Amino acid sequence: MVKIHPSEITPEHVYVNRRQFLIGAGAVIASWALGGCACPQEPEQQPPSGTAVPVESPQASADAGDLEDELNTFEEITTFNNFYEFSLSKTAVAGLAEDFKTSPWRVEVGGLVSNPNTFGLEDILKFEQEERIYRMRCVEAWSMVIPWNGFPLRKLLEEVEPTSDAKYVRFETLYDPEQMPGQNSSVLDWPYVEGLRLDEAMHDLTLLATGLYGKDLLPQNGAPVRLVVPWKYGFKSIKSIVGIKLVAEQPVTTWAAASPTEYGFYANVNPDVSHPRWSQASERRIGESGRRETLLFNGYGEEVAALYEGMDLEKKF
Ligand SMILES: Nc1nc2c(c(=O)[nH]1)N[C@H]1C(S)=C(S)[C@@H](COP(=O)(O)O)O[C@H]1N2
Ligand SMILES: [Mo]
């Protein structure tokens, strides 16, 4: 049980000089882009700017299985955020979330489990924290590469001991309209809810993140603890979690309820299944010009494709 000590925090420049492997892609962090953020501001339900533009040839490095992906900068990752509880404007979230109170924080874990428990943040930080560099692909067709700190959700679920009736996991974000101004509007049904099938939740790639770039998560990224499911569209990676419930039935999730023809429960990244209003075949990596090919399962197919054997991934999007 190791908590990352402040003295062990890796400065950004050390990250970029170390050669690191992207989990599941064998990708090497080769160099460092100093470019500014070309941050557009698309609301979740509008196609990103550039979608109508013909797709440029994907870079040679975008071949599946042999990616050379650079990390996005700390600045990019912390100033371009989807977090509708604060704002629909990606560049306004960080400022509005600045004073968000993340301590004390409790995550209630219950439902179909033998050993329900409420974990304080201090308990969550007792799980051995590791670093995972993952691609994140938003359903809006932009992406980033983020060095997370956290631990497999599986480890927490094993402690509460799901019963044999548990088939799905339901996650809930904090509901606190006084702190989260976006919750005063009915743009979505609050609190934000997400869900996974139990085997997806137990998969080694599924992370509970508590930090990035070796620092505690900032509010805009879902402090103090959020989910990261790298082979699914970003909206599955629910932020600022206060509740985790093991359930028998597939949970009703916020985006799927808001617009079922556009957002499914599974939401696995799939370049062949277009969003009704834009193609998912390519994406814009924040900080890059041009576009990259989007990869099936966001490039994590080797690890996760077996979870969906026999399923119609177009119907069960
Ligand atoms: N509670 C909550 N979680 C959320 C969202 C949100 O609006 N509310 N947005 C999602 C979307 S659409 C994306 S792309 C990612 C963005 O994570 P990031 O801002 O840390 O990059 O968070 C996801 N988690
Ligand atoms: Mo997203």
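Everything numeric in this text was worked out from a predicted model, so none of it was measured. Counting convention: from 1, in listed order, for ligands and their atoms alike.
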(message) With no hydrogens and no angle check, just 3.5 Å: does a side-chain donor-acceptor pair link N221 and K239?
(response) no
(request) Report the part of F83 in contact with ligand 1, treating N, CA, C, O as backbone and CB onward as side chain, heavy atoms under 4.0 Å; options are side chain, backbone, both, neither. (result) both
(request) Check if G222 has a non-hydrogen atom at a distance under 4.0 Å from any atom of ligand 1. (result) no
(request) Identify, by atom number and element, the atoms of ligand 1 in contact range of C138, meaning under 4.0 Å from any of its heavy atoms. (result) 14 (S)
(message) Under 4.0 Å from a heavy atom of N221: which atoms of ligand 1 are those, numbered in the order shown and with their elements?
(response) 18 (P), 20 (O)
(message) Assess, by modelled atom type and distance only, whether the side chains of E283 and T294 contain a donor and an acceptor separated by less than 3.5 Å.
(response) yes
(message) Using a 4.0 Å cutoff against the non-hydrogen atoms of S237, which atoms of ligand 1 qualify?
(response) 22 (O), 23 (C), 24 (N)
(request) Using modelled atom types only, decide if a donor and an acceptor are shared between the side chain of W190 and the backbone of T173 within a distance under 3.5 Å. (result) no
(request) Answer with side chain, backbone, both or neither: which part of M136 has a heavy atom less than 4.0 angstrom from an atom of ligand 1? (result) side chain
(message) Which of the numbered atoms in ligand 1 are under 4.0 angstrom from any heavy atom belonging to T173?
(response) 1 (N)
(request) Pick one of side chain, backbone, both or neither for how E85 approaches ligand 1, counting any non-hydrogen atom pair under 4.0 Å. (result) side chain
(request) Classify the side-chain pair N268/K232 by whether it contains a donor and acceptor separated by less than 3.5 Å. (result) yes
(request) Applying side chain to side chain donor-acceptor pair (under 3.5 Å), name anything that partners R226, two or more places apart in sequence or on another chain. (result) none
(message) For E194, state whether at least one heavy atom is located under 4.0 Å from any atom of ligand 1.
(response) no
(request) Enumerate the atoms of ligand 1 whose separation from the nearest heavy atom of Y84 is less than 4.0 angstrom. (result) 6 (C), 7 (O)
(request) Would you tell me which option among M144, K236, R226, Q220 has the nearest heavy-atom contact to atom 20 (O) of ligand 1? (result) R226
(request) Give a yes/no verdict on a cation-pi contact between R137 and F297, requiring under 6.0 Å between NZ or CZ and the six-membered ring centre and an angle within 45° of the axis. (result) no
(message) So if I count the atoms of ligand 1 from 1 in the order they appear, which ones are less than 4.0 Å from some heavy atom of I238?
(response) 3 (N), 24 (N)
(request) Step through it carefully: locate the ring centre of Y263, locate the ring centre of Y233, and say whether they are under 6.0 Å apart. (result) no
(message) What I want to check is whether the side chains of S274 and Q280 have a donor and an acceptor closer together than 3.5 Å.
(response) no
(message) Tell me whether K239 has any N or O atom under 3.5 angstrom from an N or O of ligand 1.
(response) yes
(request) Scan residues 86-111 for pairs that pass ring pair (Phe, Tyr, Trp, His ring centres under 6.0 Å), counting only residues two or more places apart or in two chains. (result) F83-F86, F86-F100, F100-W105
